[in-house]
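Notes to accompany the following structure.
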Amino acid sequence: MKLSIIITLSIIVLIFIIYIIGKINLSIQFSNQVKTLFSQSKSITAQQFHKNQLDSLPAPVQRYFNHVLKEGQPYISYAQTKHEGLFKAALDKGWMNIKGEQYATTEKPGFIWKGTTTMFVARDMYIADRGRLIVSLFSLINIVDAKGEQYNEGELLRWLGESILYPTNLLPSERLQWFPIDSTTAKLTFNYHEHSLFFNITVNEIGEITEMETKRYMGEGKLETWIIKTTNYKELNNVLIPTTFDVIWRLEKGDFSYAKFNITEVEYDKNEKF
């Protein structure tokens, strides 16, 4: 009897040690990936926003930038965010609580996100012009390691959509242009290497972007309509951004929300981890 108890306790201790080692190893990997991300992009804070940059832009886009940016505001080079919220691992699965942290660069497009639930840790990234999604069960076993051309495009598209958290990145440039649609919507195009991306952007009367719609590969499947809805704008570190996000797949059988995030912390222009 005593021997069986000792064996059981030994197995439990061994599993716990393996779990801790897995968490430490994953944390080291993530830290190294963040360092790699930051090392590949330069600071552009010497650039400043001026309202005359808006003169030729569509009316809803002018309304947005006049609302969220101040004259002389420096361009954002790096953005660090934390969030909490709900997430679905698949559209037919239930909601689970999730906490996340993300790091992004603007001079060279790039980001890495880590989302943590009770069962898995997901890392979504676009680093060195490559997209990748890794999902680790209990921080130990990679049950997903997805990459390739569809992920290169999809993760770059995520970075572009989340530029609303670092809004100077949405100002016109050689890579980025705006085109009119109507009094409340405009089309954003972004060209980078072999990728030609777009979002149709909806702006309310206040000047808040409330919805961003595009086409994105659903995993390794076909292109589907992908929508980011944003609300609850707040000024954090002198930048006005939405803090509530609802991310949706619009499929033939209806709309399916799979991520509901609330931003809890934002830092800008610190090229280091929280």
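In what follows, every heavy atom counts, from backbone to side chain, and hydrogens, waters and symmetry copies are set aside.
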(message) Between Thr214 (side chain only) and Phe198 (backbone N and O only), is there a donor and an acceptor less than 3.5 Å apart?
(response) yes
(request) Provide the closest heavy-atom pair for Ile44 versus Tyr75 in the form atom of the first, atom of the second, distance. (result) O-CB, 3.5 Å
(request) Give the minimum heavy-atom separation between His193 and Asp129, together with the two atoms involved. (result) NE2-OD2, 3.2 Å
(message) Exactly one of Lys82, Lys114, Glu162 should register a side-chain hydrogen bond (donor to acceptor under 3.5 Å, both in side chains) with Gln102. Which one does?
(response) Glu162
(message) Check this for me: Glu205, atom CD, are more than 12 non-hydrogen atoms of other residues, nucleotides or ligands nearer than 6.0 Å?
(response) no
(message) Please check: side-chain N/O of Thr168 versus main-chain N/O of Ile76, any donor-acceptor pairing under 3.5 Å?
(response) yes
(request) Kindly check if the number of other-residue, nucleotide or ligand heavy atoms within 6.0 Å of NZ (Lys99) is above 12? (result) no
(message) Quick test of your reading of the model: are Glu155 and Arg216 salt-bridged, counting only N-O distances below 4.0 Å?
(response) yes
(message) Would you say NZ of Lys35 has more than 12 non-hydrogen atoms from neighbouring residues, nucleotides or ligands within 6.0 angstrom?
(response) no
(message) Other residues, nucleotides and ligands only: do more than 12 of their heavy atoms fall within 6.0 Å of NZ on Lys51?
(response) yes
(message) Classify the ring geometry of His83 against Trp113: parallel below 30°, tilted from 30° to 60°, perpendicular beyond 60°.
(response) parallel
(request) Taking Asn200 for its side chain and Glu213 for its backbone only, find out whether a donor-acceptor pair lies under 3.5 Å. (result) no
(request) Say whether, by atom type as modelled, one donor and one acceptor occur between the side chain of Tyr233 and the main chain of Val68 under 3.5 angstrom. (result) no
(message) Any side-chain to backbone donor/acceptor pair from Thr243 onto Asn232? Under 3.5 Å, distance only.
(response) yes
(message) Would you say Asp246 and Thr244 are linked by a side-chain donor-acceptor pair, where the criterion is simply a distance under 3.5 Å?
(response) no
(request) Identify the heavy atoms of Tyr151 and Gly219 that sit nearest to each other, and give their distance. (result) OH-CA, 3.6 Å
(message) Does Lys108 have more than 12 heavy atoms from other residues, nucleotides or ligands lying within 6.0 Å of its NZ?
(response) yes
(request) Measure across Phe120 and Met96 and return the closest heavy-atom pair with its distance rounded to 0.1 Å. (result) CE2-SD, 3.3 Å
(message) Check the orientation of Phe87 and Phe261. Use parallel for under 30°, tilted for 30 to 60°, and perpendicular for over 60°.
(response) parallel
(message) Testing the basics here: between Trp249 and Tyr217, what is the closest heavy-atom pair and its distance to 0.1 Å?
(response) CH2-O, 3.6 Å
(request) Please confirm whether the backbone N or O of Phe274 pairs with a side-chain atom of Tyr103, one donor and one acceptor, at under 3.5 Å? (result) yes
